[in-house]
Amino acid sequence: MALDTQISIAVIGAGAMGSGIAQVAAQAGHRVFLHDQREGAAQKGRDGIARQLQRRVDKGKMEQQDLDGVISRIQPVASLDEVAEAGLVIEAIIEDLGIKRQLLANLEELCAGDTILATNTSSISVTALGAEMKKPERLVGMHFFNPAPLMALVEVVLGLATSKAVAETVHATATAWGKKPVYATSTPGFIVNRVARPFYAESLRLLQEKATDAETLDALIRESGQFRMGAFELTDLIGHDVNYAVTNSVFNSYYQDPRFLPSLIQKELVEAGRLGRKTGQGFYSYGEGAEKPQPQTEPEHPCDETVLIVEGNPGAATPLVQRLKESGLTIVERDGPGQLRFGNAVLALTDGRMATERAAADGISNLVLFDLAFDYSQASRLALAPAEQTSDAAVSCACALLQKAGIAVSLIADRPGLVVMRTVATLANEAADAALHGVATIADIDLAMKAGLNYPEGPLSWSDRLGTSHVFNVLTNIQNSYAEDRYRPALLLRKNAFAQKGFYS
Ligand code: NAI
């Protein structure tokens with residue numbers, strides 16, 4: 001059951017996260033004690049909340065009396081002793097095991113035996129934080145996302161000793177505060193900071209391998225993948241120091257599993273002090289008058305062909321065929337391995353092999369691979385990767401085909417899995433591994449990725465839509481291409497592929 005609003009909440013640490021959490025609890029109707037060891041910081045935190053909310057009042061999105069109510073419920077307190085009567089204490093202080101442990105020890109002395117102690121840590125083990133506590137069962141992770149008032153996700157993290165009842169109370173309370181909580185076990189990165197690693201890592205790797213430039217990769221992730229932002233614009237926003245530190249922390253915590261390998265490109269940005277928006281330069285420039293570079297987009301390609309031959313079942317690309325039909329082409333259907341012929345070009349959805357390798361292995365001349373789209377009926381851009389053996393005329397026909405349906409084409413170099421397919425397959429793989437290891441349930445992993453990072457769809461449900469065996473093939477083929485452990489398919493994905501079932505079915 002959720003904590004009653006009569007019960008006071010205490011937030012320790014009035015920085016970016018603590019102030020946001022205090023606002024959320026006060027908006028839900030609780031009295032909130034806000035404490036920070038830095039003199040005046042708690043008062044400053046409350047003033048910051050008032051300023052934020054005033055903007056909402058000015059825009060007519062909030063009543064003045066509601067703002068006054070929220071602010072009157074937040075009480076900055078100079079001494080830690082003054083939080084003693086709170087029923088739930090959430091710490092959001094500096095990310096340091098020793099300092100957090102000391103605070104928890106002080107809180108255990110001060111607070112009643114049934115007070116719940118929660119930590120907003122993003123990278124420290126809840127188990128380790130509780131190890132020296134008298135009653136570690138009352139410590140739980142309550143991991144909010146930045147900015148806490150806007151982001152819906154809360155990871156409720158159970159350490160080895162955390163009581164189930166305590167976790168349930170915090171989960172229910174987060175729901176009562178308008179959040180979307182999920183349960184996670186205390187493992188490195190919990191859900192989101194672990195499962196999201198491939199989103200950054202694969203774009204970084206494709207950039208390093210010169211598949212194309214950063215702006216084109218970002219555009220493909222947005223316009224084909226329907227993610228809000230590409231990896232480069234997002235890491236510029238997060239800050240490369242922060243994002244690189246999280247990657248390193250997860251990489252080292254998993255004993256340097258190559259799946260989490262950090263990127264040399266990002267390391268170099270950090271070393272150069274190009275931390276993103278906050279320093280005016282990251283992958284992009286943000287100074288006065290800086291213009292964002294445009295993605296590589298193919299000019300209109302001439303191709304007189306009007307007949308599209310659909311050979312076999314196009315699988316996940318079926319909606320693309322439908323869109324091409326609607327663009328006025330004549331469609332001829334016949335048996336085949338699930339590919340499209342237009343002029344002398346053969347187009348196929350990537351299966352994780354390079355076009356050059358697939359053309360040679362399957363004896364296909366003029367092969368051009370296309371990328372995955374979240375929804376082919378909406379996608380405004382798609383990546384094409386021709387095989388080394390493919391003629392220029394065939395590449396032109398492949399471009400022209402998509403252009404006839406109003407889809408912008410970015411030609412990229414022939415790399416395994418292209419861009420969106422490779423990103424989605426590796427995200428699903430990481431999610432499947434987290435599920436197998438009991439980090440969280442399948443539904444909670446998908447919910448976390450949507451509510452915490454605004455992904456258009458949870459990676460496991462997306463994998464189901466694509467077909468587990470296709471995702472498994474993509475990963476197996478990427479792994480074969482690189483001969484690297486980084487792409488090894490997760491056991492649960494492998495099992496589901498052979499069982500011909502999805503994660504939800
Ligand atoms: P911050 O640096 O903005 O604020 C931390 C505050 O804690 C400072 O005002 C500092 O004076 C105060 N503080 C430090 N030691 C203290 C102590 N012993 N007693 C009382 N107050 C103390 O940091 P931020 O970003 O708010 O992070 C706080 C916690 O939240 C960290 O554990 C961090 O890992 C976690 N977190 C941060 C996120 C982010 O995006 N910034 C997202 C989710 C979690």
Side-chain angles (χ1 to χ4, degrees), residues 10-25 32-49 52 74 76-83 86 89-111 117-126 128-130 139-157 159 174 179 181-182 184 186 188-194 196 234-235 237-250 253 275-278 448 451-453:
V11 179
I12 317 295
M17 292 308 291
S19 299
I21 296 166
Q23 179 185 330
V24 171
V32 180
F33 302 112
L34 183 58
H35 171 73
D36 197 291
Q37 70 171 19
R38 243 183 330 124
E39 210 185 310
Q43 182 61 46
K44 218 172 131 211
R46 189 172 80 154
D47 294 346
I49 297 167
Q52 290 273 330
I74 300 175
V77 294
S79 154
L80 189 64
D81 297 350
E82 293 175 76
V83 310
V89 183
I90 306 167
E91 75 77 16
I93 67 165
I94 184 171
E95 188 77 341
D96 180 288
L97 175 67
I99 299 175
K100 281 191 195 286
R101 271 185 173 166
Q102 184 57 53
L103 173 66
L104 291 166
N106 294 344
L107 289 169
E108 276 203 302
E109 291 298 321
L110 277 174
C111 301
L117 303 181
T119 172
N120 184 51
T121 180
S122 40
S123 63
I124 303 175
S125 150
V126 175
L129 282 171
L139 178 69
V140 63
M142 195 175 189
H143 185 213
F144 288 81
F145 288 73
N146 193 11
L150 296 184
M151 299 304 290
L153 181 66
V154 176
E155 291 178 333
V156 177
V157 184
K179 296 296 176 191
V182 294
S186 182
F190 310 138
I191 305 173
V192 166
N193 279 341
R194 171 200 179 156
L234 183 54
T235 47
L237 180 67
I238 294 169
H240 291 286
D241 49 343
V242 174
N243 188 261
Y244 181 66
V246 175
T247 302
N248 269 287
S249 157
V250 174
S253 301
L275 305 182
R277 279 175 189 256
K278 61 187 172 188
L453 293 172

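Positions are given from 1, in the same order as the sequence printed here. Counting starts at 1 for both ligands and their atoms, in listed order.
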Checklist outcome for this item: Within the 4.0 Å heavy-atom cut-off, what I99 brings close to ligand 1 is side chain
Checklist entry - Among the heavy atoms of F145, does any lie under 4.0 Å from an atom of ligand 1? => result no
Next on the checklist: I want to know if ligand 1 touches H35 in the polar sense, i.e. an N/O pair below 3.5 angstrom.
Outcome noted: no
Checklist entry - Considering only protein heavy atoms, which is closest to atom 27 (O) of ligand 1, and at what distance to one decimal place? => result M17 CG, 4.0 Å
Checklist entry - Backbone, side chain, both or neither: what part of A41 comes under 4.0 angstrom of ligand 1, heavy atoms only? => result neither
Next on the checklist: Are the side chains of F144 and M17 in contact, using a 4.5 Å heavy-atom criterion?
Outcome noted: yes
Item to check | K179 to P181 - nearest heavy-atom pair and separation | outcome: O-CD, 3.2 Å
Checklist entry - In the protein, which heavy atom is nearest to atom 4 (O) of ligand 1, and how far is it? => result G15 CA, 3.3 Å
Next on the checklist: Strictly less than 4.0 Å: does any protein heavy-atom distance to atom 2 (O) of ligand 1 fall in that range?
Outcome noted: no
Item to check | Where ligand 1 meets I12 - atom numbers and elements under 4.0 angstrom, heavy-atom basis | outcome: 20 (C)
Item to check | Check: E155 side chain, V157 main-chain N or O, donor-acceptor pair, under 3.5 Å | outcome: no
Item to check | Distance in Å, L104 CG paired with L129 CG, rounded so as to fall on 0.5 Å steps | outcome: 6.0 Å
Next on the checklist: So for L103, does at least one of its heavy atoms come nearer than 4.0 angstrom to any atom of ligand 1?
Outcome noted: no
Next on the checklist: Less than 4.0 Å from atom 23 (O) of ligand 1, is there any heavy atom belonging to the protein?
Outcome noted: no
Next on the checklist: Quick test: of every protein heavy atom, which one is nearest to atom 12 (C) of ligand 1, and how far off is it to 0.1 Å?
Outcome noted: D36 OD2, 3.2 Å
Next on the checklist: Quick one: does any side-chain atom of S19 pair with a main-chain N or O of A14 as donor and acceptor, under 3.5 Å?
Outcome noted: yes
Next on the checklist: Give me the nearest non-hydrogen protein atom to atom 33 (C) of ligand 1 as residue plus atom name, then the distance to 0.1 Å.
Outcome noted: E95 OE1, 3.7 Å
Checklist outcome for this item: If we number the atoms of ligand 1 from 1 as shown, the ones under 4.0 Å from a heavy atom of K100 are 31 (C), 32 (O)
Item to check | Sub-4.0 Å atoms of ligand 1 with respect to non-hydrogen atoms of G13 | outcome: 7 (O)
Item to check | Residue and atom name of the nearest protein heavy atom (relative to atom 30 (O) of ligand 1), distance in Å to one decimal | outcome: N120 ND2, 3.0 Å
Checklist outcome for this item: Near N146 (heavy-atom distance under 4.0 Å), the atoms of ligand 1 are 39 (C), 40 (O), 41 (N)
Checklist outcome for this item: Output for pair (I124 CD1, S249 OG), nearest 0.5 Å, gives 9.0 Å
Checklist entry - N/O to N/O below 3.5 Å, does that happen between I93 and ligand 1? => result yes
Item to check | Atom indices of ligand 1 within 4.0 angstrom of H143 heavy atoms, with elements | outcome: 43 (C), 44 (C)
Checklist outcome for this item: closest protein heavy atom to atom 28 (C) of ligand 1 is A92 O, 3.2 Å
Next on the checklist: Tell me whether R46 contacts the main-chain N or O of I74 through its side chain, where contact means a donor paired with an acceptor under 3.5 Å.
Outcome noted: yes
Item to check | atom 18 (N) of ligand 1: the protein heavy-atom neighbour that sits closest, reported with distance to 0.1 Å | outcome: Q37 OE1, 3.4 Å
Checklist entry - So how far is it from T121 OG1 to I94 CD1, rounded to the nearest 0.5 Å? => result 11.5 Å
Item to check | Between CD on residue E91 and NZ on residue K100, distance to nearest 0.5 Å | outcome: 3.5 Å
Checklist entry - For ligand 1, is there an N or O atom under 3.5 Å from any N or O atom of F144? => result no
Item to check | CE on M142 to CG on L139, rounded to 0.5 Å | outcome: 12.5 Å
Item to check | N/O donor-acceptor pair under 3.5 Å between E95 side chain and S122 backbone | outcome: yes
Next on the checklist: Atom NZ of residue position K278 - does it have more than 12 heavy atoms of other residues, nucleotides or ligands inside 6.0 Å?
Outcome noted: yes
Checklist outcome for this item: Only residue of V83, I90, N120, L34 satisfying side chain to side chain contact (heavy atoms under 4.5 Å, CB included) with I12 is V83
